A.B. asks: 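Pasting a structure here, questions to come.
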Amino acid sequence: MTRFVVPPRVNFFPQRIALPEHEDFRIEKLARLRAGGIDPHGSRFPGARSTEEIRNLCIPENEGLPVRAAGRITNIRWMGKATFIDIQDWTGRVQVYIKKNKVSDARFEEHKLLDLGDIIGVDGGLAKTKTGEVTIFADNFTLLTKALISPPEKWHGLKDVEIRYRRRYVDLFTNPEVMRTFLLRSHILRYIRNCMEKRGFVEVETPMMQSIPGGAAARPFITHHNALDMDLFLRVAPELYLKRLLVGGMERVFEINRNFRNEGISTRHNPEFTMMEAYQAYADYTDMMELTESVISGIARDLIGSLRISFGDIALDMTPPWARRCYSDLLQEYAGVRLGDSEAITSRVRMEPALAKVDVKNSHPDVLANELFEELVEPRLSAPTFVIDYPKSLCPLTKACAAEPELAQRFELYIAGMECANAYSELNDPEEQEKRFVEQVGDADERERIDRDFLDAQGYGMPPAGGLGIGIDRIVMILTNNASIRDVILFPLLRRETDESKNE
RNA sequence: GAGGGCGUAGCUCAGUCGGUAGAGCAACGGAUUUUUAAUCCGUAGGCCGAGGGUUCGAGUCCCUCCGCCCUCACCA
């Protein structure tokens, strides 16, 4: 009677997918389904409701309501002439009940070939079981995709960090909190774009491949254009192009996209990371502070649902206004030295074991002070804090403070000891800008690294402006309570997998 | 780049003093028409990350290598 006869065993499967022995059974089931006229990889299945909607619909007045759902099988409980199947979509799970005599005989035979991980569509009446579980009492089901590889264990899930990153797709359908994080990341980006548009900004896209990498001092990745026979750099920042747009008269621009920095990898650094940069004509860094505070606290309030959030062991209160602390005051408070007192700074650096490798003799006092700042101050800045008014020598693209010419109108935002945003009153004096670039690159050989076109652009007149960069990955880390940047990037960079490293 | 940790069945993990490789889940066969980590009976599943060494004997000790994680370094 069964249409699902066993065809001759096919010894054909792409060899690059090394299936463990027991998964041969899935290939066999696939062949049996095909022999029974079932397409094991399905097609369009319109009209399915989300499992979330189905759960909400399951009230006594709706008893028996016909519903359609689709999702991946996460659990099967065989009861002989009846079967309970849990299916999962990206909103959650719902139970399906398949009973002999309720579905067709052929369908009942087919359902015996279902496995964990298969994707099915279901039609049936909605009701709760006597134990109160929301259930679709199936009249019919449709196999939408047969899974050839078994999913991870249903109770412990997928824990192996390496497999989680390398096979993020498995991580996503196995670990609900991972799905939650990445959906939330998407909502955060949408929220930020909305905020920016409400404030009159337009989103633009500037070159990722640049012939002169500028806007930050990081080491770039090098690539090559064949037709032009030209080396190009992946951008380390979009800054110099966005400012050209200010010159062009685009008064409020922002870009949310990747930057690439050829440097170390850590829990807070991925070689490609997402940054929002924004420039507002006729504004300055104080306006950027208000913008930053408003957007990030807004995300906590509107998307997380609370201004008080947890990041690991740290409790963070995102309620504005956030602390505004002068760089020099913080340096005095935590390092005990005054900015500009090069003697005190030098001896303080020598005292600090973690800074033993610093080249004290050949470094500018402000650079040494910044070593102290990074070592002694930054890790202590747990609550959201704007550090304001940096030494000018550290900020080549920033306007000096009117009252204090040695200080620059810059802030960095620290949350949980992490640098999360950076903003300036943008330097718009091309002569001063050229001077600072030259100081920056030093050697005459390096002068070709100065972006002359950018200086020309400033020569046409760039309006005074506030500029801002927000590290999106780090903000998402804090708002989703993930300790590693790799947990908020779908496919973080990993070393290429080799035969020697595989333990398959 | 340095230091530390980890790598055992598809997944999650045990593996004692160096002495025949284990459990749960998943898989396979059977029972079961309201279960929900279903239950019950039975079966099978291993290059112990890779390579070398010590030893009568290595998952275990030593060396080299590969990969991942953590800390540090690098990082206007």
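Chain letters run A, B, ... following the sequence lines, proteins first, then strands; residues in each count from 1. The shown structure was predicted, so the numbers you read here are calculated from the model rather than taken from an experiment.
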A.B. asks: Provide, to the nearest angstrom, the distance between the CZ atom belonging to A/Phe84 and the C1' atom belonging to B/A37.
C.D. replies: 15 Å

A.B. asks: Please confirm whether the shortest side-chain N or O distance from A/Arg495 to OP1 or OP2 of B/C68 is below 4.0 Å.
C.D. replies: yes

A.B. asks: Phosphate oxygens OP1/OP2 of B/C68: is one of them under 4.0 Å from a side-chain N or O of A/Arg486?
C.D. replies: no

A.B. asks: May I ask you to list the residues of residues 168-176 of chain A, by number, that have any heavy atom positioned under 4.0 Å from an atom of RNA chain B?
C.D. replies: none

A.B. asks: How many angstroms lie between CG in A/Leu330 and CD1 in A/Ile388, if you round to the nearest 0.5 Å?
C.D. replies: 9.5 Å

A.B. asks: Partner lookup for B/U20, please. Criteria are Watson-Crick or G-U wobble with both distances under 3.5 angstrom; report none if nothing qualifies.
C.D. replies: none

A.B. asks: What I'd like to find out is whether the side chain of A/Ile265 reaches to under 4.5 Å of the side chain of A/Arg486, using heavy atoms alone.
C.D. replies: yes

A.B. asks: Does anything in residues 264-276 of chain A come within less than 4.0 Å of RNA chain B? Heavy atoms only, and list the residues if so.
C.D. replies: A/Gly264, A/Thr267, A/His269

A.B. asks: Quick check on B/A38: is either OP1 or OP2 less than 4.0 Å from any side-chain nitrogen or oxygen of A/Lys154?
C.D. replies: yes

A.B. asks: Determine yes or no for a side-chain-to-main-chain donor-acceptor pair under 3.5 angstrom, with A/Asp429 supplying the side chain and A/Glu432 the backbone.
C.D. replies: yes

A.B. asks: On the 0 to 90° scale, with breaks at 30° and 60°, tag the A/Phe454-A/Phe437 ring pair as parallel, tilted or perpendicular.
C.D. replies: tilted

A.B. asks: Based on the glycosidic angle (syn within 90° of 0, else anti), state the conformation of B/C56.
C.D. replies: anti

A.B. asks: Under 6.0 Å from the CZ atom of A/Arg324, do we count more than 12 heavy atoms belonging to anything else shown?
C.D. replies: yes

A.B. asks: Applying a 3.5 Å limit to both distances, which nucleotide forms a Watson-Crick or G-U wobble pair with B/U43?
C.D. replies: B/A27

A.B. asks: With under 30° as parallel and over 60° as perpendicular, where do the rings of A/Tyr97 and A/Phe137 fit, or are they tilted in between?
C.D. replies: perpendicular

A.B. asks: In this structure, how many angstroms lie between the P atom of B/A31 and the NZ atom of A/Lys112, rounded?
C.D. replies: 9 Å

A.B. asks: May I ask you to test the A/Val170-A/Ile163 pair for a side-chain heavy-atom distance under 4.5 Å?
C.D. replies: no

A.B. asks: With a non-hydrogen cut-off below 4.0 angstrom, is A/Asn101 in contact with a base, only sugar-phosphate, or nothing?
C.D. replies: base

A.B. asks: So what does A/Phe137 hit on the nucleic acid, given a heavy-atom distance under 4.0 Å: a base, only sugar-phosphate, or nothing?
C.D. replies: base

A.B. asks: Base, sugar-phosphate alone, or nothing: which one does A/Ala218 contact when heavy atoms must sit under 4.0 Å apart?
C.D. replies: nothing

A.B. asks: Taking the same atom, C1', in B/A23 and in B/C66, what whole-Å distance lies between them?
C.D. replies: 30 Å

A.B. asks: Considering every strand and a 4.0 Å limit on heavy-atom distances, what is the contact class for A/Leu494: base, sugar-phosphate, or nothing?
C.D. replies: sugar-phosphate

A.B. asks: Which of the following nucleotides, B/U32, B/A26, B/U35, is nearest to the side chain of A/Thr135?
C.D. replies: B/U35

A.B. asks: Would you mind classifying the nucleic acid contact of A/Lys29 as base, sugar-phosphate or nothing, using non-hydrogen atoms under 4.0 angstrom?
C.D. replies: sugar-phosphate

A.B. asks: Take atom C1' in B/C47 and the same atom in B/G42, then report the distance between them in whole Å.
C.D. replies: 29 Å

A.B. asks: Are any non-hydrogen side-chain atoms of A/Phe386 and A/Arg325 less than 4.5 angstrom apart?
C.D. replies: no

A.B. asks: Give the nucleotide from the list B/U32, B/C70, B/U33 with an atom nearest to the side chain of A/Trp78.
C.D. replies: B/U32

A.B. asks: Could you please name the partner base of B/A14, counting Watson-Crick and G-U wobble pairs only when both distances are under 3.5 Å?
C.D. replies: none

A.B. asks: With rounding to whole Å, what would you report as the distance between B/A44 and B/G53 at their P atoms?
C.D. replies: 36 Å

A.B. asks: Return the value, rounded to whole Å, for the distance between atom CD1 of A/Ile485 and atom C1' of B/C68.
C.D. replies: 18 Å

A.B. asks: Relative to each other, are the rings of A/Trp78 and A/His111 parallel, tilted or perpendicular (30° and 60° limits)?
C.D. replies: tilted

A.B. asks: Any donor-acceptor pair, under 3.5 Å, between the side chain of A/Glu133 and the base of B/U35, if you only look at N and O atoms?
C.D. replies: no

A.B. asks: Between A/Glu426 and A/Gly466, is there a donor-acceptor pair closer than 3.5 Å when you use the side chain of the first and the backbone of the second?
C.D. replies: no

A.B. asks: Return yes if the base of B/U12 and the side-chain atoms of A/Asp160 contain a donor-acceptor N/O pair under 3.5 Å, otherwise no.
C.D. replies: no

A.B. asks: Just call it for A/Lys130: base, sugar-phosphate, or nothing, with non-hydrogen atoms closer than 4.0 Å on any strand.
C.D. replies: base

A.B. asks: Do side-chain atoms of A/Glu63 reach the backbone of A/Cys58 as a donor and acceptor pair under 3.5 angstrom?
C.D. replies: no

A.B. asks: Measuring from the side chain of A/Glu153 (C-beta onward, heavy atoms only), which nucleotide among B/C28, B/G67, B/G24 has the closest atom?
C.D. replies: B/G24

A.B. asks: Return the orientation label for the A/Phe373 and A/Tyr327 ring planes: parallel under 30°, perpendicular over 60°, tilted otherwise.
C.D. replies: parallel

A.B. asks: Report the base-pairing partner of B/A37 (Watson-Crick or G-U wobble, both distances below 3.5 angstrom), or none.
C.D. replies: none

A.B. asks: Starting at CG of A/Asp366 and ending at P of B/A76, how long is that distance when rounded to a whole Å?
C.D. replies: 15 Å

A.B. asks: Nearest whole Å is fine: how far is B/G45 C1' from A/Arg26 CZ?
C.D. replies: 15 Å

A.B. asks: Tell me what A/Lys99 touches on the nucleic acid: a base, only sugar-phosphate, or nothing, going by heavy atoms under 4.0 Å.
C.D. replies: base

A.B. asks: Nearest-Å distance, CD (A/Glu28) to P (B/G29)?
C.D. replies: 8 Å

A.B. asks: Is the shortest side-chain N/O distance from A/Arg77 to OP1 or OP2 of B/U35 below 4.0 Å?
C.D. replies: no

A.B. asks: Need the pair for B/U64. Rule: Watson-Crick or G-U wobble, both distances under 3.5 Å, any strand; none if unpaired.
C.D. replies: B/A50

A.B. asks: Can you tell which of B/C70, B/A76, B/C11 lies closest to the side chain of A/Pro152?
C.D. replies: B/C11

A.B. asks: So A/Ala217, base contact, sugar-phosphate only, or nothing? Heavy-atom distance under 4.0 Å.
C.D. replies: base

A.B. asks: If I pick the P atom on B/U39 and the same atom on B/G45, what distance separates them, to the nearest angstrom?
C.D. replies: 24 Å

A.B. asks: Could you give the distance separating B/C13 and B/G51 at their P atoms, to the nearest angstrom?
C.D. replies: 25 Å

A.B. asks: When rounded to the nearest Å, what value does the distance between P atoms of B/C74 and B/U12 take?
C.D. replies: 36 Å

A.B. asks: Of all the choices, B/U33, B/C68, B/C11, which nucleotide is nearest to the side chain of A/Ile163 once you look at every atom?
C.D. replies: B/C11

A.B. asks: With A/Tyr285 as reference, evaluate A/Thr292, A/Asp389, A/Thr398 under the side chain to side chain donor-acceptor pair (under 3.5 Å) test and give the passing residue.
C.D. replies: A/Asp389

A.B. asks: What does B/G1 pair with, Watson-Crick or G-U, if both distances are under 3.5 Å?
C.D. replies: B/C72

A.B. asks: For A/Glu162 and B/C11, what is the distance between atoms CD and C1' respectively, to the nearest whole Å?
C.D. replies: 15 Å

A.B. asks: Which whole-number value in Å describes the distance from A/Arg261 CZ to B/A76 P?
C.D. replies: 9 Å

